[in-house]
Amino acid sequence: FLVEDIRNFSIIAHVDHGKSTLADRLLELTGTIDKTKNNKQVLDKLQVERERGITVKAQTASLFYSFQGKQYLLNLIDTPGHVDFSYEVSRSLSACQGVLLVIDANEGIQAQTVANFFLAFEAQLTVIPVINKIDLKNADPDMVEKQIEKVFDIPSDECIKISAKLGTNVESVLQAVIERIPPPKVHRKNPLRALVFDSTFDQYRGVIANVALFDGVVSKGDKIVSAHNQKTYEVNEVGVLNPNEKSTHKLLGFLGLLHMEVFNQRLEQEYNAAVILTTPTVPYKAVLSSAKLIKEYRQKEITIINPAQFPDKPKVTEYLEPIVLGTIITPDEYTGKIMMLCQARRAVQQNMMFIDQSRVMLKYLFPLNEIVVDFYDSLKSLSSGYASFDYEDAGYQTAELVKMDILLNGNIVEELVTIVHKDKAHTVGKTICERLKDTLPRQLFEIAIQAAIGSKIVARETVKPYRKNVLAKCYGGDITRKMKLLKRQAEGKKRMRKIGNIEVPKDAFIKVLKTQ
Ligand code: GTP
């Protein structure tokens, strides 16, 4: 293929607006998959995605399409839809020149539509608005067209109205991809320059990297260098690298609860690895004042990812926390409640705009740690599921931070060490202790649960001892029943993490974090 006959594009959409369905139709139309077979949502191929019905990890497919007597190669790069994964969205987008922005003709523009649009816009990609689900009874494509014009400044005649489900007008989407999206700019004569935007690990073939080629050519047998770590790798097959396995174990930090659960499940399923969960933490920064520490870190400003490495106040001039620009779109009737929620999360309002007669778009600056765990769930429940939310990176700001330990009978629970805002330490500590009290199985002795900042205890709960033991009822009794109970107990124990002499079930961590 000549470079000018190649198009690299992504489909971006708010959750459930029909991205996967459209991708399936495009694959069918181009003969990439067989229409007669039950090939629903081929791109959602990871096991977790099937189980949860959401797209997590970007997948790619190459489509061949003839248009006006010419054969084109269309690379469809799939992107995840859920708010917790916007980092993967931007990575996928950097490999494209254009996007299809899919919007549900009934629901209209939602928060993720806005966030995804701006990711694409900032990356200077061509945006093709696709209004989907026009077959629905309540569909109002004209209203959505007006929203698109108002919010994104895209003329309404550029919108393509389709039903991905029925296949209506999907062909014009492919034509728009060819006509409106420019081919990639690749200088084949220059030395190789490529971006790895996704990778998976195959036990037999090594690491399979999806790359976007910017310059040069890559072929089997080539030796290539990673600009990130300067290591050299050999190309076994085109596009197949064989680097160290470490990268598959080294994680993204978790961007949200769902993200954490999904990764936990993915690691267990794909890599057979048991994972120790830690509190989702955001990368804080500290400006050091201690000469000794500055020498040790060889810089004045450090990033703290592991709460255990949090340097205390006298050694620090100021702490900085990451902030994000959040977009909320909601029916007007919930605006008041949502504003109160945002205020409780230390958010500062930036903007408010009616996108049509009944829907409001709110923009707030949030400290990332205030939304990373359960903000989305709270927003959904107070708006009966109608409000949508997404966010993008907005730099750092000064914050009064402290490190909080959680102790079980005096032993620190490493997984639950957190960095919190000073004003919130008591509330957060109290909630974690209460949650732990409800979640921890009783043991044969009393358990003291404490939240502490340095040596100061800010919250405390007690779990009363458990008096019976599993075998008490079987004394001298039926041996098979006894074995069965012991086996059941042993199975339960596999999921336990021992802290001091206290057994903590693994899912307790998730339960505790969920309601922080
Ligand atoms: P995520 O992968 O979770 O981001 O969702 P998605 O955007 O890929 O949405 P998906 O394609 O899974 O579609 C969501 C739901 O909308 C499914 O139940 C589809 O059958 C339905 N749907 C998609 N396109 C259409 C359409 O054109 N008309 C109607 N009526 N339903 C559609």
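All values below come from the heavy atoms of this structure, side chains included, with hydrogens, waters and symmetry mates left out. When a ligand or atom number is given, it counts from 1 through the structure's own listing order. Predicted, not measured: the structure shown is a model, and the values here were computed from it.
The closest side-chain donor-acceptor pair between Asp24 and Thr21, if any, does not fall under 3.5 angstrom. Defined by atom type and a distance below 3.5 Å, a donor-acceptor pair is present between the side-chain atoms of Asn75 and Asn8. A side-chain donor from one of His17 and Glu107 sits under 3.5 Å from a side-chain acceptor of the other.
Contacts of Asp16 with ligand 1, taken as heavy-atom pairs under 4.0 Å, involve both backbone and side chain. Residue Lys133 touches ligand 1 through backbone and side chain together, judged by heavy-atom distances below 4.0 Å.
Taking a cut-off of under 4.0 Å to the non-hydrogen atoms of His17, the atoms of ligand 1 that pass are 7 (O). The contact set between ligand 1 and Thr21, taken as ligand atoms under 4.0 Å from a residue heavy atom, comprises 10 (P), 11 (O), 13 (O), 19 (C), 23 (C), 24 (N). The contact set between ligand 1 and Val15, taken as ligand atoms under 4.0 Å from a residue heavy atom, comprises 3 (O), 4 (O). For ligand 1, the atoms closer than 4.0 angstrom to any heavy atom of Gly18 are 6 (P), 7 (O), 9 (O), 10 (P), 11 (O), 13 (O), 23 (C). Atoms of ligand 1 lying under 4.0 Å from any heavy atom of Leu136, numbered from 1 in the order shown and given with element: 30 (N). Set against the non-hydrogen atoms of Asp135, the atoms of ligand 1 under 4.0 Å away are 26 (C), 27 (O), 28 (N), 29 (C), 30 (N).
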What pairs of donor and acceptor atoms, side-chain ones from residues 348-355 against any protein atom, are under 3.5 angstrom apart with sequence neighbours left out?
| residue | atom | partner | partner atom | Å |
| --- | --- | --- | --- | --- |
| Gln349 | OE1 | Tyr364 | OH | 3.3 |
| Gln350 | NE2 | Val348 | O | 3.3 |

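In this structure, Lys337 places its NZ atom where only 12 or fewer heavy-atom neighbours from other residues, nucleotides or ligands lie under 6.0 Å away.
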Derivation of the ring-ring contact (aromatic ring centres under 6.0 Å, His included) call for Tyr72 and Tyr65: CA-CA 5 Å; Tyr72 290 88; Tyr65 186 63; 7.8 Å; no
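No option in Val360, Leu362, Ile109 other than Ile109 meets the side-chain contact (heavy atoms from CB on, under 4.5 Å) test with Ile329.
Taking distance alone, with nitrogen or oxygen atoms compared against 3.5 Å, Ala164 approaches ligand 1 more closely than that limit.
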